Amino acid sequence: MKAIQITAPSDMKVIDINTPQLKRGEVLLKIHFVGFCGSDLNTFLGRNLMALNPVIPGHEIGATIEKIGEDVPDFLKVGMAVTVNPYTNCGKCAACRNGKVNACEHNETLGVQRNGAMKEFLTVSWEKVIPAKEITPRDCALIEPMSVGFHAVSRAQVTDIDTVMVIGCGMIGIGAITRAALRGATVIVVDLDDYKLELAKRIGAKYTINSKTENIHEKLQQLTDGFGPDIVIEAVGSPATYVMAVEEVGFTGRIICIGYSKSDVTFQTKLFVQKELDIRGSRNALHADFRAVIHYLEQKTCPIDELITEVVKPEQALDAMQRWTANPAKVFRILVSFE
């Protein structure tokens, strides 16, 4: 069967591999669409030290069930549209013991620490299959990245009396904006691309700030009556945005970190104490977050077509990644179609 493999930095090929054999407790999925995410881009650029080399990327999955193995519950049916929880958990580490399997110390994500889903067929344990019957396989490929943003909002314990600033308007940021707005919060979005900021307003942001053309601090003070946001969700992963989060969040506020910087960040640590901040990491997502995204997409209010920058065939994937590398601010999601 056909698969995409990142073979070396800035190199990607279409290869032929064996179709996987179905085992007891597994489901064979026909892959229709897989999204390229930021971790795949970093792998492509040689910056992802956690990734296999070479590796088949892909963990944002839109598929249908092709075949069901023995000992699989009967709520999973052949032909059903599904996505996949792409993370593993060991069941033994501190995170697993505390019920937070999304943060397993020994997690292996599809397309990073193990080969991923950019191939025609994939076998997975039935527990990782998440039905999305009312959603097309194409749109299923958006569920996982949005669920990461949804999970960050849960970590932030957002309520309807909160003002939430989301830094970064990529797909994960879009998920955070959406979930915070659904919870009734006042959402302020910071990004450097006007098109993305306009789309953020359509999915629930009340205010936007272009960090390239506006004074962030002055605008935030104006919008929050001088208090600063109650919650800041960092969805970029750069030193500048981490510092921005600490400096701009209000006193006794909460900072939720999704992105992680590839280089060291220097903070005025006195702000941690003076503001009595809660600084929380947010990693991956739980099944409940996936279900929440599915419920949202079923309402048909999400401008899905505008979140898909382009759809390419496997043979066009290298060109698409080169375009993304050249202009990262303009991309929401690139999907690879195996249809």
Side-chain angles (χ1 to χ4, degrees), residues 37-38 142 145-250 253-259 261 282 292-293 296-297 299 301-309 324 327-333:
C37 83
L142 301 182
M146 292 189 74
S147 74
V148 176
F150 272 47
H151 183 71
V153 171
S154 294
R155 289 282 292 144
Q157 297 175 297
V158 172
T159 72
D160 58 350
I161 63 171
D162 288 317
T163 296
V164 179
M165 179 170 80
V166 179
I167 306 174
C169 207
M171 273 301 302
I172 291 173
I174 288 288
I177 296 161
T178 300
R179 188 58 162 164
L182 289 171
R183 290 193 175 195
T186 299
V187 182
I188 303 170
V189 178
V190 176
D191 199 277
L192 45 72
D193 184 81
D194 284 330
Y195 173 74
K196 288 184 175 181
L197 290 171
E198 183 59 35
L199 187 57
K201 280 190 174 181
R202 290 170 49 198
I203 62 170
K206 187 170 183 179
Y207 306 109
T208 60
I209 303 173
N210 187 316
S211 57
K212 187 165 61 175
T213 60
E214 298 180 88
N215 186 302
I216 296 171
H217 178 72
E218 290 180 1
K219 189 73 175 287
L220 280 173
Q221 291 296 296
Q222 173 191 340
L223 295 175
T224 63
D225 296 324
F227 291 107
D230 303 293
I231 296 164
V232 176
I233 297 177
E234 200 289 329
V236 175
S238 76
T241 51
Y242 263 85
V243 171
M244 181 197 304
V246 172
E247 291 182 344
E248 300 299 343
V249 71
R254 302 187 290 282
I255 297 172
I256 310 302
C257 306
I258 311 176
S261 174
S282 183
V293 174
Y296 165 64
L297 293 180
Q299 311 310 306
T301 59
C302 179
I304 290 176
D305 289 344
E306 295 179 61
L307 297 177
I308 300 172
T309 305
W324 190 8
N327 199 359
K330 297 296 183 182
V331 172
F332 278 115
R333 263 309 170 266

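If you read the sequence from its start, that first residue is 1, and numbering goes on from there. None of these values were measured; they are calculated from a predicted model.
Not one N or O on the side chain of K206 forms a donor-acceptor pair closer than 3.5 Å with the backbone of T163. A distance-only check finds no donor-acceptor pair linking the side chain of E198 to the backbone of K201 [under 3.5 Å]. The main-chain N or O of M244 is never found under 3.5 Å from a side-chain atom of E248 such that the two would form a donor-acceptor pair. Between the side chain of E234 and the backbone N or O of V236 there is at least one donor-acceptor pair closer than 3.5 Å.
Between I209 and I216, the closest heavy-atom pair is CG2-CG1, 4.1 Å. Between V158 and A185, the shortest heavy-atom contact is CG1-CB, 3.6 Å. Minimum interatomic distance between M165 and V190 (heavy atoms only, all atoms of both residues): SD-CG2, 3.7 Å. The two residues I255 and A245 come nearest to each other via the heavy atoms CD1-O, 3.6 Å. Among all heavy-atom pairs drawn from I203 and P303, the shortest one is CG2-CD, 3.6 Å. Looking at every heavy atom in both residues, Y242 comes nearest to C257 through OH-CB, 3.2 Å.
Side chains of T309 and K330 form no contact here, defined as non-hydrogen atoms less than 4.5 Å apart. Inter-residue side-chain proximity for T178 and V153 is flagged as unmet; no heavy-atom pair is nearer than 4.5 Å. Using a 4.5 Å heavy-atom cutoff, the side chains of C169 and L199 are not in contact.
To the nearest 0.5 Å, atoms CG (D162) and CD1 (I231) are separated by 4.0 Å. One finds the OG1 atom of T213 at 6.0 Å from the CG atom of D194 (value rounded to the nearest 0.5 Å). With rounding to the nearest 0.5 Å, the separation of CZ in R333 from CE in M171 is 6.0 Å. Distance CG/D193 to OG/S211: 10.0 Å, rounded to 0.5 Å. For the atom pair R155 CZ and I233 CD1, the distance stands at 11.5 Å (nearest 0.5 Å). For the atom pair OH (Y296) and CZ (R179), the distance works out to 11.5 Å, reported to the nearest 0.5 Å.
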Notebook entry, point to check: How far apart are the C-alpha atoms of T208 and D191, what are their side-chain angles, what is the distance that settles it, and do they pass the side-chain contact (heavy atoms from CB on, under 4.5 Å) test?
Noted result: CA-CA 8 Å; T208 60; D191 199 277; over 6 Å; no
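Around the OH atom of Y195, the shell of radius 6.0 Å holds more than 12 heavy atoms that belong to other residues, nucleotides or ligands.
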